[in-house]
Amino acid sequence: MRDDPKDISHFYLGVKDLFEFPRDPKEAIELQKKICGFVITEDYCNIEKIRLIGGIDVAYKGRGAKEGCAVALIWDRLTGETVEAVYVEESINFPYIPGLLSFRELPIAIKAFDKLSLKADLWMIDGAGIAHPRRLGIAAHFGVVLDLPAIGVAKSRLIGSHLPVPRTKGSWVPLRQNGEVIGHVLRTRSDVRPLYVSPGHKVSLLQSANLVLACCSRYRLPEPTRLAHQLVTAKVRSN
DNA sequence: GCGACAG
DNA sequence: ATCTTGTCGC
């Protein structure tokens with residue numbers, strides 16, 4: 001159990017609400033409504049100073065298996081090297097329900113996060129940030145709960161609509177819902193399906209896209225997420 | 001009622 | 001996410 005509330009969200013919600021993961025979908029939705037009000041979509045640090053970026057990915061053993069595996073790692077943006085990586089396993093009970101992904105993967109993601117000894121300046125999470133029905137995708141939930149800057153990097157769309165994205169790397173178009181911009185559809189590689197990037201917490205819409213693009217070299221996914229995915233996949237299929 | 005639907 | 005081989009292209 002945690003006992004180190006540091007900001008407004010922790011002060012008003014308390015560790016009980018923040019680290020609670022209901023089994024009941026109805027309760028999960030109510031909790032999202034309660035937490036979403038604390039998401040911050042403004043930059044909380046100089047982009048220039050962001051050097052260590054964290055990445056987390058979850059994998060499952062078998063088809064309907066309940067065993068989940070997760071890798072959390074910290075990638076150095078300047079050297080392009082992974083400075084630390086940890087692996088954890090845990091049974092996963094909550095089912096996959098569009099809109100409630102965090103209640104399935106956040107528990108094990110936090111378990112992996114806690115195992116790290118180093119601290120990242122920012123986190124990139126597979127899935128949506130505020131580009132979510134209640135503006136609390138897994139990346140936003142992660143950010144508020146841990147009080148850390150986070151960005152949602154989804155490989156496909158959950159909600160929102162957008163115009164076609166130019167086919168060249170670096171191009172992007174806003175992702176919107178009812179006129180409100182909730183993220184960006186970013187082309188991280190020419191002629192390759194774009195990514196759906198949205199702020200998770202303490203990062204703006206513009207910087208979210210800029211940072212993800214800054215972490216992409218020759219692959220579709222940004223390095224932190226790509227490397228984490230590569231590691232869990234290797235781990236899960238070897239055991 | 002009928003589709004859509006992160007991982 | 002997961003079940004799966006080869007294959008087309010830069």
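Letters A, B, ... are given to chains in the order of the sequence lines, protein chains preceding strands, and every chain is numbered from 1. Computed from a predicted model, the values in this text were never measured in an experiment.
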- Under 5.5 Å between ring centres and under 30° between planes: true for Tyr96(A) and the base of dA1(C)? no

- What orientation do Phe103(A) and Phe21(A) show, parallel under 30°, tilted 30 to 60°, or perpendicular over 60°? perpendicular

- May I ask you to evaluate whether Lys61(A) reaches the phosphate of dA1(C), defined as a side-chain N or O under 4.0 Å from OP1 or OP2? no

- With pairs defined as Watson-Crick or G-U wobble and both distances under 3.5 angstrom, please note down DNA chain B as a dot-bracket string, | for pairing with another strand. .......

- Query: Below 4.0 angstrom from OP1 or OP2 of dC5(B), is there any side-chain N or O of Ser156(A)?
  - Reply: no

- Note: contacts of residues 128-139 of chain A with DNA chain B (heavy atom, under 4.0 Å) are Ala128(A), His132(A), Gly137(A), Ile138(A)

- Query: At under 4.0 Å between heavy atoms, what does Gly152(A) touch on the DNA or RNA strands: base, sugar-phosphate, or nothing?
  - Reply: nothing

- Task: Evaluate the side-chain contact (heavy atoms from CB on, under 4.5 Å) criterion for residues Ile108(A) and Val88(A): first the C-alpha distance (whole Å), next the side-chain angles of each, then the deciding distance (0.1 Å), finally the verdict.
- Result: CA-CA 8 Å; Ile108(A) 190 173; Val88(A) 298; 4.0 Å; yes

- Message: For Gln207(A) and Tyr44(A), which I'm curious about, is there any donor-acceptor pair between the side chains at under 3.5 Å?
- Response: no

- Looking at the side chain of Tyr60(A), which of dA6(B), dC5(B), dT2(C) is the nearest nucleotide? dT2(C)

- Query: Is Glu20(A) salt-bridged to Lys34(A), cutoff N-O under 4.0 Å?
  - Reply: no

- Which of these nucleotides, dT2(C), dA4(B), dA6(B), is closest to any side-chain atom of Leu158(A)? dA6(B)

- Reckon Leu100(A) touches a base, only the sugar-phosphate, or nothing at all at heavy-atom distances under 4.0 Å? base

- Query: Considering residues, nucleotides and ligands other than Lys235(A), do more than 12 of their heavy atoms fall under 6.0 Å from its NZ?
  - Reply: no

